[in-house]
Amino acid sequence: MNGFDTRAARATFLWVFGLTLGAKVGLAAWLPFSGDEAFFYQWGVHPAWGYSDHPPMVGWLLWALRSAFGDAPLALRSVTVLVTSLLGLGVVDLARRLLPPAREAAAWLAGAVYLALPFSWLFVLVTTDTPLIFFMGASAWCFVRAELAERPAGWYAAAGVLLGAAFLSKYFAVLLGLGYALWILGWRRGRWWALPLGAAGAAPAVALHLWFNAHHGWTNVMFNVYNRNEDAAWSLADFAVYVVMMAYLLTPWLLWQAARVRDGSARPKAARLVALLWIVPYAALALVATRRSVGLHWVLGFVPLFVLWAGLRLSPAALARSLKWTGWLAVPHALALVALLAAPLAWWQSSKSFPSLVFLREAPAIATALTRELPEGATLMARAYSPAAVLAYHAGRYVPVFGTGRFHARQDDLLVDFRAFEGKALRIYDRKPFAEAEFAPYFERVRTASFSVAGQTFHYLDGEGFRFQPYRDTLLQQAVDRYYQIPARLPILGSPFCERYGFASCSPGRGAAAAGAAPTDPR
């Protein structure tokens, strides 16, 4: 074992566990609040049964954290900080159950390798991936425990309930459920009843999600299935990027070493299950990558299963080598992070990312500049969802998006009623200069201005006397045409956005009978 007995391996794991947990706490307290975090933060400020882009779990989480601990980034990220640490413990626990006692050292070292992976100790931002990765890991842990149990019904039921919670976090949970189904149908037919039992556990979460979407214009389905995929086309480049990304994420050394040796577990059937639960999702995402780009965060929830599989196959000495190489891989990530966020902003002045970096690091000052001398009764807005969310977090007030926005940021469609701004003043922020003629139809008077923070100029437009009707007939109509062309096969039981503004095409009873609908005056 090259000196790695169980006691040494356990000590190594505990050292890596403490080091990475400390690093995550430091990063969570130090990193500026990102645009996605600020966007989801508003879900916690306005708790609901569902939201615009994704299922609601992260909104519920942020509501609970905000209620209990306040708005500080470390408080809001506290659960995220713990997620990969808990999953590392789960890798160790399952590996110890699946390996013979003589190879227990491999279990501790596999957990250490998982914690040392760069994404693991960099995983501190609170997004939809926070509850997704946790609940997927917890569900998989219960499912493997069911394979080891003499009375497995309770474990299968728990796996289903937790899979439902993962589904209420993000749709990628379905890929884990696909792995469960293939396992039961292909290798565990004698336990066919586990499928309906697990499905019953997940059913309440799925039913809640479908109920919300049917009453809110299928907002999640439109975002995840239609609007964000309208430009999808065959792409060899996206597939190549996916292959390179997976090699980076899983590391070439762990992939190579684990693929070339035999499984050394004491329970080979359960070990095959572990392999299936990461191979099936990654194969499915590889097919997706032939049509569109696949983000790094899409695949993170299955990494613990891959590392567990590798830990069952590799010797402690091989895992120790992988841990050393993974530690070296962490060094450039740490240096790049320090250079990006701790170095003087002047270092980046010639970079294309300079405006974004200034906005990220100086968001409190920018929010203060925009709210200072704000016209009486005026509402601050922005032209894109990410800056709107960041400004809202630092200004302590909701900041709507002015204009059509993108397929992201449709949360405004659930929360904001532009009819209420009729005749009022708006201040609209943008990183780029405004063309007054573009905004003149929507106001009685417009005026542009700018200010500088940390050497970067930012812009805003003050509009007096907002005119709702041309805004509705032009910009809101464009939003309907782009993002609310709901397929006829989806039954619409409600669509607050379309009903509010009188757009018949995406409202209940859409079609000729509803063609004459008009917006209702809110006053």
Side-chain angles (χ1 to χ4, degrees), residues 52-53 215-219 221-223 226-228 230-231 375 377-385 387-388 398-430 432-448 459-488 490 492-523:
S52 58
D53 291 5
H215 286 83
H216 292 81
W218 296 95
T219 177
V221 174
M222 292 303 297
F223 169 74
Y226 294 100
N227 294 331
R228 72 187 306 186
E230 59 186 0
D231 297 326
T379 299
L380 177 64
M381 297 189 179
R383 296 193 71 186
Y385 86 97
Y398 192 81
V399 176
V401 174
F402 188 95
T404 57
R406 297 184 63 229
F407 50 79
H408 290 287
R410 305 316 320 167
Q411 183 67 12
D412 275 11
D413 298 346
L414 303 181
L415 290 180
V416 180
D417 188 344
F418 273 90
R419 298 171 301 176
F421 300 122
E422 177 71 41
K424 295 185 178 180
L426 306 181
R427 173 169 288 180
I428 307 168
Y429 161 83
D430 200 355
K432 300 176 181 178
F434 289 85
E436 290 188 5
E438 180 183 348
F439 292 82
Y442 314 119
F443 297 95
E444 295 175 6
R445 290 174 299 279
V446 295
R447 179 183 68 88
T448 59
H459 305 269
Y460 65 89
L461 178 143
D462 280 336
E464 298 178 25
F466 174 68
R467 296 168 174 164
F468 166 72
Q469 197 61 42
Y471 184 85
R472 184 262 183 201
D473 294 342
T474 304
L475 297 180
L476 293 182
Q477 181 66 60
Q478 290 176 12
V480 170
D481 294 341
R482 292 182 189 178
Y483 309 122
Y484 284 91
Q485 297 308 301
I486 303 171
L490 294 177
I492 301 178
L493 303 180
S495 179
F497 174 75
C498 292
E499 294 162 18
R500 181 186 309 130
Y501 299 125
F503 293 117
S505 62
C506 56
S507 299
R510 55 190 166 188
T520 304
D521 193 323
R523 292 166 292 184

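- Annotation: the span from Cys498 atom SG to Asp413 atom CG amounts to 8.5 Å, rounded to 0.5 Å.
- Note that Arg427 lies in the cation-pi zone of Tyr460, set by a 6.0 Å cut-off to the ring centre and a 45° limit from the axis.
- Pro387 and Ala382 get closest at one heavy-atom pair: C-CB, 4.5 Å.
- Asp412 and Tyr398 are linked by a side-chain donor-acceptor pair at a separation below 3.5 angstrom, with hydrogens and angles left out of the test.
- Contact record, Gly403 with Leu475: CA-CD1, 3.9 Å, taken as the closest heavy-atom pair.
- Residues Pro496 and His216 meet the side-chain proximity criterion, which asks for heavy atoms closer than 4.5 Å.
- Between Ile428 and Phe434 the shortest side-chain heavy-atom distance falls below 4.5 Å.
- One distance of note links CD1 of Ile486 with CH2 of Trp218; it measures 9.5 Å at 0.5 Å rounding.
- Applying the side-chain hydrogen bond (donor to acceptor under 3.5 Å, both in side chains) criterion to Glu444, with sequence neighbours excluded, gives no partner residue.
- At distances below 3.5 Å, not a single donor-acceptor pair connects side-chain atoms of Arg472 with backbone N or O atoms of Phe418.
- Under the 3.5 Å distance criterion, the side-chain polar atoms of Glu422 are matched with a main-chain donor or acceptor of Phe468.
- Contact check for Leu426 versus Phe443: side-chain heavy atoms found under the 4.5 Å cut-off.
- Using cut-offs of 30° and 60° for the angle between ring planes, the Phe402 and Tyr471 rings count as tilted.
- Residues that satisfy the salt bridge (Lys or Arg N to Asp or Glu O under 4.0 Å) test with Asp430, not counting sequence neighbours, are Arg383.
- The shortest non-hydrogen separation linking Arg500 to Val416 is NH1-O, 3.1 Å.
- Checking side-chain atoms of Gln411 against main-chain N and O of Ser52 turns up a donor-acceptor pair under 3.5 Å.
- Note that CG of Asp417 is 10.5 Å distant from CZ of Phe497, once rounded to the nearest 0.5 Å.
- Taking 4.5 Å as the limit, some side-chain heavy atom of Leu490 sits within range of a side-chain heavy atom of Val221.
- Glu436 and Thr448 form a side-chain donor-acceptor contact under 3.5 Å, judged by distance and modelled atom types alone.
- Side-chain atoms of Arg410 do not come within 3.5 Å of backbone N or O of Tyr483 as any donor-acceptor pair.
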| said: Go through it in stages, so that I can follow the logic: the residues are His459 and Tyr429, the test is side-chain contact (heavy atoms from CB on, under 4.5 Å), and I'd like the CA-CA distance, side-chain angles, deciding distance and then a yes or no. | reply: CA-CA 6 Å; His459 305 269; Tyr429 161 83; over 6 Å; no
| request: Could you give me the CA-CA distance, side-chain angles and deciding distance for Phe466 and Tyr442, then say whether ring-ring contact (aromatic ring centres under 6.0 Å, His included) is met? | output: CA-CA 6 Å; Phe466 174 68; Tyr442 314 119; 7.6 Å; no
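- Side-chain N or O atoms of Glu499 include one that pairs as donor or acceptor with a backbone N or O of Ser495 at under 3.5 Å.
- At a threshold of 4.5 Å between non-hydrogen side-chain atoms, the residues Val480 and Tyr501 do not count as touching.
- Thr474 contributes atom OG1, which lies 9.5 Å from atom CD of Gln469 (distance to the nearest 0.5 angstrom).
- Across every non-hydrogen atom of Pro375 and Ala425, the tightest pair is CB-CB, 4.5 Å.
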| request: Apply the test side-chain contact (heavy atoms from CB on, under 4.5 Å) to residues Thr379 and Met381: give CA-CA distance (whole Å), side-chain angles for both, the deciding distance (0.1 Å), then the verdict. | output: CA-CA 6 Å; Thr379 299; Met381 297 189 179; 4.3 Å; yes
